[in-house]
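Single-structure report; data block below.
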Amino acid sequence: MNVRHEIGIALLGMGVVGGGVAETLLKKPAVIAQRAGSSLIIRGALVRDLKKARAVQSPPFPVTTDAQHLLTLPEVQVVVEVMGGEQPAFSYIERALRAGKHVVTANKEVLAKHGPQLWDLAHQKGVQLRFEASVGGGIPIIAPLQRDLLANDISSVRAIINGTTNFILTRMARDGLDFGVALKQAQDLGYAEADPTNDVEGIDAAYKLAVLASLAFHTRVTAADVKHEGITKLRAKDFQYARELGYAIKLLAIASHTDGGVTVRVHPALVPQETLLAKVDGAFNAVEVKGDLTGTVTFHGLGAGPYPTASAVIADIINVARAINGADRLPPPPPPARAEGAPRLRSMEELNTSYYIRLNVHDRPGVLARIATVLGSNQISIASVIQKDADEAQNSAELVITTHPAQEARMQRALLEVAALDVVREINTSIRVEPV
Ligand code: NAP
Ligand code: HSE
């Protein structure tokens with residue numbers, strides 16, 4: 001076995017995650033070297049702004065804005081991409097793989113948009129592309145799907161994989177805060193970005209779900225395949241009504257395999273209060289996987305932050321080092337192309353799901369019957385109706401209706417028809433209900 005004394009790392013990015021990685025590698029070099037079989041040496045770090053204060057002050061390696069130089073250093077065997085964003089991260093990863101360097105990345109956006117191309121390139125070049133930190137931060141979920149759960153046929157992955165939105169939803173549910181106030185708190189505490197669009201619109205979760213679904217179902221799912229809805233339309237009263245009905249509201253990322261097809265979607269959902277997912281609060285993440293052999297297994301922990309994420313990035317680097325040293329020669333297999341036998345991707349319209357609908361109606365006889373007729377004509381059966389907040393002056397009332405499972409396409413059509421009824425002022429919210 002040809003063991004390298006040192007393995008060189010190029011760190012692309014020294015922000016939250018890159019800072020945590022550098023700090024940890026410098027703080028515990030001996031124990032990491034023992035586990036990797038080689039000393040892991042940072043040969044240089046790429047940043048945008050050389051004047052910015054960093055977690056590691058006076059680093060013992062060059063900090064540069066010259067990507068080309070760093071990517072071509074012969075003493076670098078592993079490129080660690082923790083810059084974020086699609087470009088130039090994608091080009092740098094591609095360049096590194098083409099040059100025969102192993103790559104570790106935390107970048108779900110690049111993987112969700114270009115994963116298949118990069119996996120193929122890594123395979124072709126005989127190098128590793130590892131990405132444990134791309135989903136769930138410090139929660140080990142990529143390696144279990146690539147390795148430990150391989151004997152299973154997985155029927156579903158249901159996940160809370162965006163800490164920012166889970167923090168906001170928790171505050172709305174617990175403290176009755178409105179969306180804008182809870183978002184401001186998330187920004188003040190450093191959870192949400194200055195531009196929180198990707199988080200609150202479900203885009204970040206959709207990227208992560210594309211990665212999870214590719215691995216769970218041994219096929220290739222990209223960001224464009226994932227339907228996503230965000231949390232911006234939810235109001236504090238939805239949480240109150242959901243609680244009365246026995247549910248929490250969570251932004252769920254769901255990939256399910258039924259009738260030979262896979263559906264991938266991100267949207268707010270009513271989740272029964274007694275389930276583990278309903279109890280995942282604050283900035284925590286959880287991923288629930290249902291396998292035919294394991295039954296349900298749930299991974300829970302911190303999905304972000306410098307140290308939880310550094311844990312995943314450094315584990316990937318250690319695994320690459322072990323492979324370089326021959327201790328663990330086989331890289332994990334990439335998800336195969338959409339070959340014969342792989343499940344087809346099903347459209348969201350084929351889904352069967354129950355709904356919670358909150359709507360504002362004119363308060364007069366026959367209104368409920370009109371709504372029920374529209375639902376009935378679309379083969380949607382009502383499970384419960386609660387009338388809330390009648391406003392005599394406005395002659396209006398608020399209705400909360402829950403339905404039995406119905407086909408998504410029919411439900412969407414019925415919602416349009418209900419909204420068009422002259423007795424309906426507005427459909428305020430419609431949220432899918434997840435079974436236990
Ligand atoms: P961040 O704090 O914004 O850090 C990004 C770093 O990359 C900064 O050092 C920045 O340089 C550098 N950078 C960005 N664009 C660059 C460019 N064009 N050229 C040179 N340097 C550039 O981001 P982060 O939170 O660490 O996230 C990094 C990645 O990890 C993302 O893909 C993210 O989704 C993923 N991730 C993050 C977390 C988390 O907890 N934050 C958790 C899981 C996964 P400057 O410092 O000079 O601006
Ligand atoms: N914006 C992400 C979140 C960070 O809130 O979960 C981790 O990917």
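Quick caveat: nothing in here was measured; it's all calculated off a predicted structure. Start at 1 and go down the list; that is how both ligands and their atoms are numbered.
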Tell me, which protein residue and heavy-atom name are nearest [atom], and how many Å apart are they?
{"atom": "atom 5 (O) of ligand 2", "answer": "Thr164 OG1, 2.6 Å"}
{"atom": "atom 16 (C) of ligand 1", "answer": "Met83 CE, 3.5 Å"}
{"atom": "atom 31 (C) of ligand 1", "answer": "Gly84 CA, 3.4 Å"}
{"atom": "atom 8 (O) of ligand 2", "answer": "Lys108 NZ, 2.8 Å"}
{"atom": "atom 4 (C) of ligand 2", "answer": "Ala304 CB, 4.1 Å"}
{"atom": "atom 7 (C) of ligand 2", "answer": "Lys208 NZ, 3.6 Å"}
{"atom": "atom 12 (C) of ligand 1", "answer": "Gly13 CA, 3.9 Å"}
{"atom": "atom 35 (C) of ligand 1", "answer": "Ala106 O, 3.3 Å"}
{"atom": "atom 1 (N) of ligand 2", "answer": "Asp199 OD1, 2.9 Å"}
{"atom": "atom 6 (O) of ligand 2", "answer": "Gly163 N, 2.8 Å"}

*Pick, from Lys51, Gln87, Lys52, the option with the minimum heavy-atom distance to atom 45 (P) of ligand 1.*
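Looking at heavy atoms only, the winner is Lys52.
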*Should Lys279 and Glu288 count as an ion pair when the cut-off is N to O under 4.0 Å?*
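Looking at Glu288 together with Lys279, the answer is no, because their closest N to O distance does not fall below 4.0 Å.
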*Just wondering, more than 12 heavy atoms not from Arg54 lying within 6.0 Å of its CZ?*
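More than 12 heavy atoms, drawn from other residues, nucleotides or ligands, come within 6.0 Å of this atom.
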What do you reckon, does [X] have a nitrogen or oxygen under 3.5 Å from a nitrogen or oxygen of ligand 1?
{"X": "Pro88", "answer": "no"}
{"X": "Ala133", "answer": "no"}
{"X": "Gly303", "answer": "no"}
{"X": "Leu12", "answer": "no"}
{"X": "Val17", "answer": "yes"}

*Using the ring of each side chain (for Trp, its six-membered ring), is Phe90 parallel, tilted or perpendicular to His114, with breaks at 30° and 60°?*
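The arrangement is parallel - the two ring planes meet at less than 30°.
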*With a 4.0 Å cut-off on heavy atoms, is Arg54 touching ligand 1?*
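Flag set, Arg54 near ligand 1.
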Please tell me whether [X] and [Y] have a donor and an acceptor in their side chains that are separated by less than 3.5 angstrom.
{"X": "Thr72", "Y": "Gln68", "answer": "no"}
{"X": "Asp66", "Y": "Thr64", "answer": "no"}
{"X": "Thr258", "Y": "Arg346", "answer": "yes"}

*Is Asn285 touching ligand 2 with its side chain, its backbone, both, or neither, if touching means heavy atoms under 4.0 Å apart?*
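Looking at Asn285 and ligand 2, no heavy atom falls under 4.0 Å.
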_Within-shell test, Gly303 vs ligand 2, heavy atom, strictly < 4.0 Å_ =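 Gly303: in contact with ligand 2 (<4.0 Å).
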_Keeping Asn325 on the side-chain end and Arg4 on the backbone end, is there a donor-acceptor pair under 3.5 Å?_
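Answer holds: yes.
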*Is a donor on one side and an acceptor on the other found under 3.5 Å between the side chain of Asn319 and the backbone of Ala315?*
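Yes: the side chain of Asn319 pairs with the backbone of Ala315.
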*State, with a plain yes or no, whether a side-chain heavy atom of Val271 is found less than 4.5 Å away from one of Leu252.*
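Val271 vs Leu252: side chains touch.
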*Report, in ascending order of atom number, the atoms of ligand 2 lying under 4.0 Å from any heavy atom of Asn162.*
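Within the 4.0 Å cut-off of Asn162, ligand 2 contributes 1 (N), 2 (C), 3 (C), 5 (O), 6 (O).
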